Amino acid sequence: MYRSEHPNPQFERGYYFSLNGSWEFAVGRGEDRLNAPLPGRIEVPFCPQSEMSGVGITDFMDDCVYSRLIEVSEEDLAGRLVLHFGAVDYEAKVYVNGQYVTSHVGGYTAFEADITGAVHPGENRITVTVHDDMRENIPSGKQTRKQRSFGCFYTRTTGIWQSVWLERTPPVYLKRVYFTPDIEKCAVKVEVETEGCAPVHIQVFYQGRRVGEAHGEAAFRRSFRIPLTEKHLWELGEGNLYDVEISLGEDHVRSYFGLREVKYQGRKFLLNGKSVFQRLVLDQGYYAESIYTAPSVEAMRQDIERGMELGFNGARLHQKVFEQRFLYECDRMGYMVWGEFPSWGVEYEKLDFLGRFISEWSETVEQYFNHPSIITWCPLNEAWSNLLDNRKVRDVRFVESVYMVTKTLDDTRPCVDTSGGYHGKYTDVFDFHCYGPQQELDHCLERLEQEDLLTVETLYPPESAQEDILCRGEIPVNASEYGGIAYSGDGCAKRDVSLREDKAEAIAEEEGWGYSICSDEQTFVERYRGLTQRLLRCGKLSGFCYTQLYDIEQEENGLYTYARRPKFSQAAMRCITECNRIRAAIE
């Protein structure tokens, strides 16, 4: 069985039974097959488009159905038996022995079902029907809407793509826990949500030593402030995580948190009160053999290690909600990330879909709130990039509403309302994307340094949009995408896509491309060094994000290949690393 580890160390009970592995599978609607075997097989949790699923169907697949048998014991039925799904893209309905038990809309967040009343001792059948039609205005990130991949859109993901598991709980149980650290007072606020009323006991440990605890009665919701006898900050490269054990009556949950604070002061990003320049790399979370799902926990760790070895101190997790287990590895290794949502696929310009979008994004913020590695929320990317279509009336309230909801759910982190597009009235960070040559970046940063203006012609042609965007006061500025250089020294044909996404669509699906190209290693290193050093020298810049860590299918502008092999010599990789580690002016 692949991926048998617990998928969410943030909320782990003693009884955990993985349902990953071989399931029955069929393409098409499944309402008439709710309690019957299916003809095909699939390896869960890998999507049917992937090689590791054993299916490998990359054609359009609007509907599919999964099924498998499970054994249930008398002991399982003593309390609650809960069925968990890490993520199913996009609409899922779950049945047990033909009986409907739950449904969920949204392809990137976890959901569960209490199946106690639907099962009996012995053999039981679970069936999951899935609907995933990308023509229906749904968040889909970088999944292609064409028959095949093209430009910066890649193989689709349908159905179950994260772990499935069973868990037992007593009738009174812990539903959620939220940790809010206080580094100044060396304490943590712990908020528990419960089903029912019972005594609660919270113990905090650091490397096995108990450093704090709290007792009390909890009824549905209660907060505890726990002073800590030892102070160990979550730092870059050092997770220093505190382990937590929570007992609510007979229910026992293990969790953890990191003691850290993130905020901006003027234009400086502060981690635990210390100025830190965000040296991020774009990570899109794709794998050649398994698409959206990491083939193993080790593969997750290795991607983080690759970024750190190249001198990056974090990543922008781009257009995808990554697995909880990936975020745990970031937490453990002290790796900063932007938590993003796969907002592409949604028509931002009208409010029709705002309610559903906010519902799905809110689930993301709530489920990932406790991860210390998440230093910034980024719900939208390049909103309104279709400005040339003047038939569409755009409503900026979409962007502004998403920002306000984010800050209501979590006021402990900065939020970029929309990365690389037109910002609304509210944003904690003013960021921009620049894939142009050195002189274009120089011009952009000179305007920022001298006049507090950003030139965004790298995103939109001047005739269709206002060229200059005012940076309001001392708002922080981040170059959240740059580079995108395709290295063609291996002899592969690559195309220069310039700056516009619509030009990328014209590229043949088989061809590799980048936003610019370099034919030899020395030229690449010089170009990388010139762009990166210029960003580091800008005293009004709080961070950058290089595009990107590895190639993905036809987009070949990574520092590693899609198979995660280095694209450059050790000497060249060392030059990249040394450049990334140069002290930034703002630090």
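Just so we're clear, the structure is a prediction, and the values are computed from it rather than from any experiment.
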### Query
If you count the non-hydrogen atoms of other residues, nucleotides and ligands that lie under 6.0 Å from NZ in Lys231, is the total more than 12?
yes

### Task
Verify the ring-centre separation between Tyr2 and Phe46: is it less than 6.0 angstrom?
yes

### Query
Are Thr418 and Glu382 side-chain neighbours, meaning at least one heavy-atom pair lies under 4.5 Å?
no

### Query
Below 6.0 angstrom between ring centroids: does that apply to Tyr292 and Tyr287?
no

### Query
CG/Leu259 to SG/Cys186 distance, rounded to the nearest 0.5 angstrom?
6.0 Å

### Query
With distance as the sole criterion, is a donor-acceptor pair present between the side chains of Thr109 and Thr364 under 3.5 Å?
no

### Query
Would Phe430 and His423 count as a close aromatic pair, with their ring centres under 6.0 Å?
yes

### Task
For Asp251 and Arg13, run salt bridge (Lys or Arg N to Asp or Glu O under 4.0 Å): C-alpha distance rounded to whole Å, both residues' side-chain angles, the deciding distance at 0.1 Å, then the answer.
CA-CA 8 Å; Asp251 193 19; Arg13 290 187 170 92; 2.9 Å; yes

### Query
Which of parallel (below 30°), tilted (30 to 60°) and perpendicular (above 60°) describes Phe544 and Phe312?
perpendicular

### Query
Does some side-chain heavy atom of Lys320 sit less than 4.5 Å from a side-chain heavy atom of Phe341?
no

### Query
Side chains of Asp243 and Gln203: donor-acceptor distance under 3.5 Å anywhere?
no

### Polar side chain donor-acceptor pair, Arg80 to Thr169, under 3.5 angstrom
yes

#### Entry: Salt bridge present between Glu329 and Arg332 (N-O < 4.0 angstrom)
yes

### Task
Kindly say whether the aromatic ring centers of Trp377 and Trp361 come within a distance under 6.0 Å.
yes

### Other residues, nucleotides, ligands: >12 heavy atoms within 6.0 Å of Gln570 CD
no

### Query
With no hydrogens and no angle check, do the side chains of Asn8 and Tyr328 hold a donor and an acceptor under 3.5 Å apart?
no

### Query
Under 3.5 Å, is there a donor-acceptor pair linking the side chains of Lys142 and Gln284?
yes

### Query
Under 4.0 Å between a Lys/Arg side-chain N and an Asp/Glu carboxylate O for Arg534 and Glu449?
yes

### Task
Starting at CG of Asp89, measure out to SG of Cys47 and round the result to the nearest 0.5 Å.
9.0 Å

### pair Leu409-Phe369: side-chain heavy atoms closer than 4.5 Å
no

### Message
Could you tell me if Asp76 and Ser73 have a donor-acceptor pair between their side chains, going purely by distance under 3.5 Å?
### Response
yes

### Query
Do Ser419 and Cys378 have side chains that get closer than 4.5 Å, going by heavy atoms?
yes

### Query
Roughly how far, to the nearest 0.5 Å, is CG of Asn580 from SG of Cys575?
11.0 Å

### Query
Without hydrogens or angle criteria, can the side chains of His232 and Gln207 be said to hold a donor-acceptor pair below 3.5 Å?
no

### Message
Rounded to the nearest 0.5 Å, what separates atom OG1 in Thr376 from atom CG in Leu280?
### Response
8.0 Å

### Message
Does atom CD (Glu75) have a neighbourhood of more than 12 heavy atoms from anything else shown, all under 6.0 Å?
### Response
no

### Summary
For Arg225 and Ala187 the tightest heavy-atom approach is NH2-CB, 3.6 Å

### Task
Would you confirm whether the ring centroid of Tyr482 sits within less than 6.0 angstrom of the ring centroid of Tyr546?
yes

#### Entry: Validation row: Ser343, Phe357 side chains within 4.5 angstrom (heavy atoms)
yes

### Query
Counting only heavy atoms not in Gln265, do more than 12 fall under 6.0 Å of its CD?
no

### Message
Aromatic contact between Tyr256 and Phe179, with the criterion being ring centroids under 6.0 Å apart: yes or no?
### Response
no

### Name of the residue among Leu549, Asn381, Asn478, Thr547 meeting side chain to side chain contact (heavy atoms under 4.5 Å, CB included) with Arg316
Asn381

### Task
I would like to know whether Glu360 and Tyr90 meet side-chain hydrogen bond (donor to acceptor under 3.5 Å, both in side chains); could you show each step before the answer?
CA-CA 11 Å; Glu360 294 182 34; Tyr90 175 70; 2.4 Å; yes

### Query
Who pairs with Arg176 by side chain to side chain contact (heavy atoms under 4.5 Å, CB included), at least two apart in sequence or on another chain?
Tyr178, Glu193

### Query
Can you tell if the side chain of Val365 reaches within under 4.5 Å of the side chain of Val405, non-hydrogen atoms only?
no

### Summary
What one should report as the nearest heavy-atom pair of Val200 and Ala218 is CG1-CB, 4.0 Å

### Query
Side-chain contact, heavy-atom cut-off 4.5 Å: Tyr264 with Val429?
yes

#### Entry: Any side-chain heavy-atom pair of Leu236 and Val276 under 4.5 Å
yes

### Task
Determine whether the side chains of Gln367 and Tyr108 contain a donor N or O and an acceptor N or O closer than 3.5 Å.
no

### Task
Indicate yes or no: does Glu230 engage Arg209 in a salt bridge with an N to O separation below 4.0 Å.
yes

### Message
Between Gln548 and His318, does the side-chain hydrogen bond (donor to acceptor under 3.5 Å, both in side chains) criterion hold? Intermediate values first, please.
### Response
CA-CA 10 Å; Gln548 59 184 324; His318 189 49; over 6 Å; no

### Query
Do you know which two heavy atoms are closest between Cys415 and Lys407, and how far apart they sit?
CB-CD, 4.0 Å

### Query
Do you see a donor-acceptor pair shorter than 3.5 Å between the side chains of Ser163 and Asn20?
yes

### Query
Just by modelled atom types, is the Phe220 backbone N or O under 3.5 Å from a matching donor or acceptor in the Thr194 side chain?
yes

### Task
First locate atom CZ of Phe326, then atom CG of Asp331, and finally report the distance between them rounded to the nearest 0.5 Å.
10.5 Å

### Query
Would Arg413 and Asp428 pass as an ion pair if we require N to O under 4.0 Å?
no

### Message
Determine whether His201 and Ser247 satisfy the following criterion, side-chain hydrogen bond (donor to acceptor under 3.5 Å, both in side chains), listing intermediate values before the conclusion.
### Response
CA-CA 5 Å; His201 183 202; Ser247 297; 5.4 Å; no

### Query
Checking salt bridge (Lys or Arg N to Asp or Glu O under 4.0 Å) against Glu587, which of Arg581, Arg279, Lys274 comes through?
Arg279

### Task
Identify the two heavy atoms, one from Asn370 and one from Val177, that lie closest to each other, and give their separation to 0.1 Å.
ND2-O, 2.8 Å

### Contact summary for Val96 and Ala118, nearest pair of heavy atoms
CG1-O, 3.7 Å

### Query
More than 12 non-hydrogen atoms from neighbouring residues, nucleotides or ligands closer than 6.0 Å to NZ on Lys263, yes or no?
no

### Heavy-atom pair with the smallest gap, counting every atom of Glu250 and His252
O-CD2, 3.2 Å

### Query
Hey, what's the ring geometry for His104 with Phe111, parallel, tilted or perpendicular (30° and 60° as the breaks)?
parallel

### Query
Do we get Lys175 above Tyr173's six-membered ring, with its NZ or CZ under 6.0 Å from the centre and within 45° of the axis?
no

### Task
Measure the acute angle between the ring planes of Tyr242 and Phe257, then classify it against the limits of 30° and 60° as parallel, tilted or perpendicular.
parallel

### Query
Which value, rounded to the nearest 0.5 Å, describes the distance between Arg254 atom CZ and Ile246 atom CD1?
12.0 Å

### Query
Under 3.5 Å, is there a donor-acceptor pair between the Gln278 and Trp338 side chains?
yes

